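Below you'll find the structure, written out as structure tokens, and then a few comments.
On a predicted model such as this, the values are computed, not experimentally measured, just so you know.
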Protein chains: 2
Amino acid sequence: MTEKFPEIRNLALFHDISTQSFETLTRAAYVQTYPPSTELITEGDAPDFLYVVQAGAVELFANWAHRETSMWTVWPQSTFILAATVKNRPYLMSGRTLCKSRVVLLPSADVRNVFETDGAFAKAIVTELANGYRGAIKNSKNLKLRSSLERLANYLLTCYRQCDKAPRFLLEAQKSRLASNLGMTPENLSRALNGLKKYGVAVDGQSVELTDIKALTDFAQPSLLIDDDTPFF
Amino acid sequence: MTEKFPEIRNLALFHDISTQSFETLTRAAYVQTYPPSTELITEGDAPDFLYVVQAGAVELFANWAHRETSMWTVWPQSTFILAATVKNRPYLMSGRTLCKSRVVLLPSADVRNVFETDGAFAKAIVTELANGYRGAIKNSKNLKLRSSLERLANYLLTCYRQCDKAPRFLLEAQKSRLASNLGMTPENLSRALNGLKKYGVAVDGQSVELTDIKALTDFAQPSLLIDDDTPFF
DNA sequence: CGCTATGTTGATCCATATCAATAAGTGTGG
DNA sequence: CCACACTTATTGATATGGATCAACATAGCG
């Protein structure tokens, strides 16, 4: 039979599960397209759905005491808030669309059911969670061990590596959001970009050019044990 | 037959797995008692073992560029570095005994084998990883959204809740390590404890007394979405 | 007892936040 | 096509949280 949602069938999370499991998961699922700046989930809410971003982008952020910080951005063909879903615990982060986005919503009760019955699904979830967990640890290390200038330098080098080492690339997002992701203010980001000029960082609008990778690398001291394979964006 | 390691059999991670799986896991496992300040694992190393702390305590910490930060402490009847083990990726943290400690070492290859074949084990791993993941997210929020004074105040309130709301309790560990866990220097912790006097925090050595829970709570604004059920220690 | 660890206090410095003003886009409607 | 508003980024001035360096105190401990 033809399965619904063939696009997400190929995600690592769903690739190896049985047809029946996939059927169960997607039976009550639906696809929705949201305009920009739509809040999809709010921290503290019960996890009604597991989300899969198919197109667009979703920013995960958190609030406390009238402060807000951006945690990271989910790009297409990734899920988010898997941990809350399987544990059936409140979301720890809120999520809003950055641009018009198409999203699949899978009822979390179904996710937990299939998780209980389909070993392949449990295994895929382990992989996904372990990756996320390690990413979160790396993020804490980044925050605790580095200054904001060092975090920025390493972020730029991560982008550089992501672009197949092209010395020129575009910043993926608004600078204010980048600043929040890196744990600094927009003003500080602006000054920090200037401060990296001496290591061959030239910025013009969204465009970044790294003219002295060696100098920047010497300064940034990137580490496989901190710098994620994927940047925030 | 009598199983080896009956103590760890009751851990959530091993409780529901088959006898055969448990046998496989523990066949090549061994128990070791280490003196204080022994480095058990070093970040960057391949994950040869999954560790279970049976007695004592193990501090997980991380280094970068000659800096060091304490991430958290593992207390008895818990495992550590599960994510590295199942993903077969390098440890992201180092671990050292804080005091004389008894530790079980389970060869990670066996852990991954059983994970592949025993669905109950995969499910238990999911629970463990999801908890750890959410804890790490909370940690990042704590660091990014709060000042060091606020982190300390919330830490004290977490201890208070852990002690069944006894207004008097002992700090679990060396203050310098507490400071590192909270992302601050020992000097700053010392001053911060003084700064909390006005909210009824009285410290004498390791002993803490909270004389005005309401004032401290008003200041700290604890949140279920940040403050873990378990403190670092 | 000293000796060494650990914690405290004081003085100072620095990174980063905050507040305020300006500039540079970006889109809208006339 | 331009004027205008509105958002976002930059720059400057200043404030402050927290780090650093140094001296001293205290507490375990051999």
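Evaluation of the side-chain contact (heavy atoms from CB on, under 4.5 Å) rule for A:Ala220 yields A:Ala153, A:Asn154, A:Leu157, A:Pro222 as partners, not counting sequence neighbours. For A:Asp212, the side-chain contact (heavy atoms from CB on, under 4.5 Å) criterion is met by A:Lys214, A:Ala215, not counting sequence neighbours. Every residue meeting the side-chain contact (heavy atoms from CB on, under 4.5 Å) condition with A:Ser223, not counting sequence neighbours, appears here in chain and number order: A:Arg146, A:Leu225, A:Ile226, A:Asp227, B:Trp64. Remark: A:Ala130 pairs with B:Ala83, B:Val86, B:Lys87, B:Leu129 by the side-chain contact (heavy atoms from CB on, under 4.5 Å) rule, at least two apart or across chains.
Taken from OG in A:Ser101 to CD in A:Gln54, the straight-line distance is 11.0 Å, to the nearest 0.5 Å. Rounding to the nearest 0.5 Å gives a distance of 11.5 Å between CD of A:Glu43 and CD1 of B:Ile137.
Note on ring orientation: taking the six-membered ring where Trp is involved, the planes of A:Tyr91 and A:Tyr51 are perpendicular (angle over 60°, cut-offs 30° and 60°).
A nucleotide of DNA chain D counts as in contact with chain B when one of its atoms lies under 4.0 Å from a heavy atom; the first and last such, 5' to 3', are D:dG18 to D:dC21.
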Would you give me the side-chain donor-acceptor pairs under 3.5 Å for residues 163-170 of chain B, sequence neighbours excluded?
{"residue": "B:Arg168", "atom": "NH1", "partner": "B:Glu209", "partner atom": "OE1", "Å": "2.5"}

Side-chain polar contacts of residues 185-194 of chain B - donor-acceptor pairs under 3.5 angstrom, sequence neighbours left out - could you list them?
{"residue": "B:Thr185", "atom": "OG1", "partner": "B:Asn188", "partner atom": "N", "Å": "3.2"}
{"residue": "B:Asn188", "atom": "ND2", "partner": "B:Ser148", "partner atom": "OG", "Å": "3.4"}
{"residue": "B:Asn194", "atom": "OD1", "partner": "B:Lys197", "partner atom": "NZ", "Å": "3.0"}

Could you pull out every donor-acceptor pair under 3.5 Å between side chains of residues 29-36 of chain B and any protein atom, sequence neighbours left out?
none

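Within 90° of 0 lies the glycosidic angle of C:dA5, which makes this nucleotide syn.
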Scan nucleotides 12-22 of chain C nucleotide by nucleotide, 5' to 3', and note B when protein non-hydrogen atoms come under 4.0 Å of the base, S if they reach only the sugar-phosphate, - if neither.
----SSBB---

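Between the side chain of A:Ser207 and the backbone N or O of A:Gly205, no donor-acceptor pair lies under 3.5 Å.
When the C1' atoms of four end pairs are superposed on the next four at each end of the helix from C:dT6-D:dA25 to C:dG30-D:dC1, using five pairs per end, the two resulting axes differ in direction by 30°, to 10°.
For residues 193-210 of chain A, proximity to DNA chain D is found at A:Asn194, defined as any non-hydrogen atom under 4.0 angstrom from a strand atom.
Listed by first and then second residue, the salt bridge (Lys or Arg N to Asp or Glu O under 4.0 Å) pairs that reach into residues 58-86 of chain A are A:Glu59-A:Arg96, A:Arg67-B:Glu150, A:Glu68-A:Arg96, sequence neighbours excluded.
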